[in-house]
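See below for the structure under consideration.
Worth saying up front: this structure is predicted, and the values here are computed from it rather than measured.
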Amino acid sequence: MSAVTLEPPVSTNKTVIRNWGGPIAMAILALIGLVVFALRNPGTTAQFGISNAGDSIQIPAISANTALWGWIFSILLVALAAYALYTTAKKGIINSWVGWAFAAIFVAAFLVWVIGSANTPNVFLSGLIAGSFTLATPLIFGSLSGVLCERAGIVNIAIEGQLLAGAFAAAVGASLTQSPWVGLICAMAAGTLVGLVLAVFSIKYVVNQIIVGVVLNVLVTGLTSFLFSQVLADNAETLNSPVHFETIRIPVLADIPIFGPILFNQTIVGYLMYLAVIGIWYALFKTKWGLRVRAVGEHPTAADTVGINVNRTRYLNTLYGGAVAGLGGAFFTLVSSGSFSKEMSAGQGFIALAALIFGRWNPIGAFFAALLFGFATNLQFVLSILGTPVPSQFLIMLPYVVTIVAVAGLVGKSRGPAAAGIAYVKG
């Protein structure tokens, strides 16, 4: 009689790593929303205007009862938070649409509550959205710069310095030549120069990319502040009085309510922003060049074996990213402000980095993420004018709170290019 060998059964169970950060954050925010938006609603009516008095097309304002909509939004928030907790317990992850829906409903609930609580309970959506686009413009250019660099494997912490260098060069170039176009070219050149320094130290000398980026930010901040104090301040009429771009209005299209003035009543920098978003997205995901760039950012060794020059691709993309960030810097001095001032980028390069992560290293996603941060910044100004019960300190914190919540993974976990930040040395 032959012996029978009993083998232990092969386990087919896979270990599921559950990320509870997002669901727990949703649960906490849902409870806060239930207390604030529903139980503590002001019991008034919030008015959201759509059409201005001079618009050719008039659309009635939207009225929202704060009590009714406060309860509706709060119930939806609790339901989504409960669903997120349930799916995390069962599957280990939550669908990204849950986070996006939660964020959208929370923003809508906050708007209804805070506008209804204001001394003047009405706001024009067109002005609110238009201001958001304006404030988001340098963030969009900065986040696109980060997309170009990180998709090729270079972490661009120096976006802040590139924005500031672009703003300084644009002011000086446009002042000396009395041409905003020359200022725009100077801004792109300055951003490219900062990108070149980043590329040389990161690629050729294999210095830690984050350290190089931080040092470049400090260097550009100190250098522009020194030149402003020692050169521009005493020669403001000659060196710091840039000629601005004129607004280009497209007839008929600019009369479309809400989005018409935003999309079709812009300066050339605004139109370049839209073209940059579409163009970079198409180039990265629809062309052979984009496939090679993404291969370099994900697996440089494999890209090298099929004949792609990894470091050359990284050099070029870092220069492209610097030029794009320079355009964002030009917006400060050629569109929104009358002259250059010290540290006028005000940390927006770092918020652009957050938009890059929130947008999942995709130009379209980064565009909408930057708009969200621009919306939060503009909302801070609007609410302070309307007179709300929200403390002014919280209003100042609002854009940064949104940044932290977004990067913390409320709308799902983000994974960047696998080789980003890792130097490639050909063996």
Side-chain angles (χ1 to χ4, degrees), residues 96 100 132-133 136-156 159 162-163 166 184-185 187-188 191-192 195 199 248 250 253 256 259-260 262-264 266-300 302-303 306-310 312-331 352-374 411-412 414-420:
S96 60
W100 284 108
S132 304
F133 269 80
T137 298
L139 299 179
I140 293 169
F141 279 117
S143 62
L144 291 177
S145 171
V147 169
L148 285 169
C149 294
E150 295 203 22
R151 279 292 181 177
I154 299 295
V155 176
N156 187 4
I159 296 174
Q162 291 169 337
L163 290 174
L184 196 66
I185 295 171
M188 295 176 67
T192 303
I248 303 173
I250 301 177
L253 295 177
I256 299 173
F259 293 103
I262 298 170
L263 298 176
F264 306 109
Q266 289 278 351
T267 64
I268 191 64
V269 178
Y271 292 121
L272 285 175
M273 176 190 70
Y274 300 130
L275 290 176
V277 173
I278 298 171
I280 292 174
W281 174 84
Y282 183 85
L284 280 176
F285 297 103
K286 299 296 180 180
T287 67
K288 184 184 295 185
W289 172 84
L291 180 61
R292 291 177 176 177
V293 168
R294 288 182 285 125
V296 168
E298 291 291 341
H299 204 308
V306 297
I308 300 174
N309 190 323
V310 173
R312 180 175 180 272
T313 301
R314 289 185 168 185
Y315 263 111
L316 291 176
N317 267 57
T318 307
L319 297 181
Y320 298 152
V324 171
L327 283 173
F331 176 84
L353 276 174
L356 160 70
I357 298 170
F358 191 31
R360 300 173 182 246
W361 290 266
N362 184 301
I364 304 296
F367 170 78
F368 285 108
L371 281 183
L372 174 62
F373 300 138
V411 295
S414 297
R415 187 192 75 84

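Nearest heavy atoms, Ala136 versus Gly374: CB-CA, 4.2 Å. Contact detail for Pro138 and Gly328: the closest heavy-atom pair is CB-O, 3.8 Å. When every heavy atom of Ser143 is checked against every heavy atom of Ala355, the shortest pair comes out as CB-CB, 4.2 Å. Counting all heavy atoms, side chain and backbone alike, Ile364 lies closest to Asn362 at N-OD1, 2.9 Å.
Judged by distance alone, the side chain of Asn317 and the main-chain N or O of Leu148 form a donor-acceptor pair under 3.5 Å. Formation of a donor-acceptor pair under 3.5 Å by the Thr192 side chain with backbone atoms of Met188 is found in this model.
Atom CZ of Phe264 sits in a crowded spot, with more than 12 heavy atoms from other residues, nucleotides or ligands closer than 6.0 Å. Atom OH of Tyr282 sits in a sparse spot, with 12 or fewer heavy atoms from other residues, nucleotides or ligands closer than 6.0 Å.
Evaluation of the side chain to side chain contact (heavy atoms under 4.5 Å, CB included) rule for Leu284 yields Val147, Arg151, Ile280, Trp289, Val293, Pro363 as partners, not counting sequence neighbours. Take Gln266 and apply the side chain to side chain donor-acceptor pair (under 3.5 Å) test, not counting sequence neighbours, and it matches no residue. Contacts of Ala303 classified as side chain to side chain contact (heavy atoms under 4.5 Å, CB included), with partners at least two apart in sequence or in another chain: Ala295, Val296, Ile308, Val310. With sequence neighbours excluded, the residues that form a side chain to side chain contact (heavy atoms under 4.5 Å, CB included) with Ile248 are Tyr271.
A salt bridge (charged side-chain N to carboxylate O under 4.0 Å, His left out) check over residues 285-298, counting only residues at least two apart or in different chains, returns the pairs Glu298-Arg415.
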Side chain to side chain contact (heavy atoms under 4.5 Å, CB included) between Leu263 and Leu253, intermediate numbers included: CA-CA 8 Å; Leu263 298 176; Leu253 295 177; over 6 Å; no
Full working for side chain to side chain contact (heavy atoms under 4.5 Å, CB included) between Phe358 and Phe373: CA-CA 11 Å; Phe358 191 31; Phe373 300 138; 4.1 Å; yes
Check against side chain to side chain contact (heavy atoms under 4.5 Å, CB included), Phe141 and Val269: CA-CA 10 Å; Phe141 279 117; Val269 178; 3.9 Å; yes
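Looking at Glu150 and Ile357, their side chains never come closer than 4.5 Å, going by heavy atoms from C-beta outward.
Rounded to the nearest 0.5 Å, atoms OG (Ser145) and CG (Leu353) are 9.0 Å apart.
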Could you list the donor-acceptor pairs under 3.5 angstrom formed between side-chain atoms of residues 318-325 and any protein atom two or more places apart in sequence or on another chain?
unit_1 : atom_1 : unit_2 : atom_2 : d
Thr318 : OG1    : Arg314 : O      : 2.7

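For the side-chain contact (heavy atoms from CB on, under 4.5 Å) criterion with Leu144, the lone passing option out of Val277, Leu356, Ile159, Leu139 is Val277.
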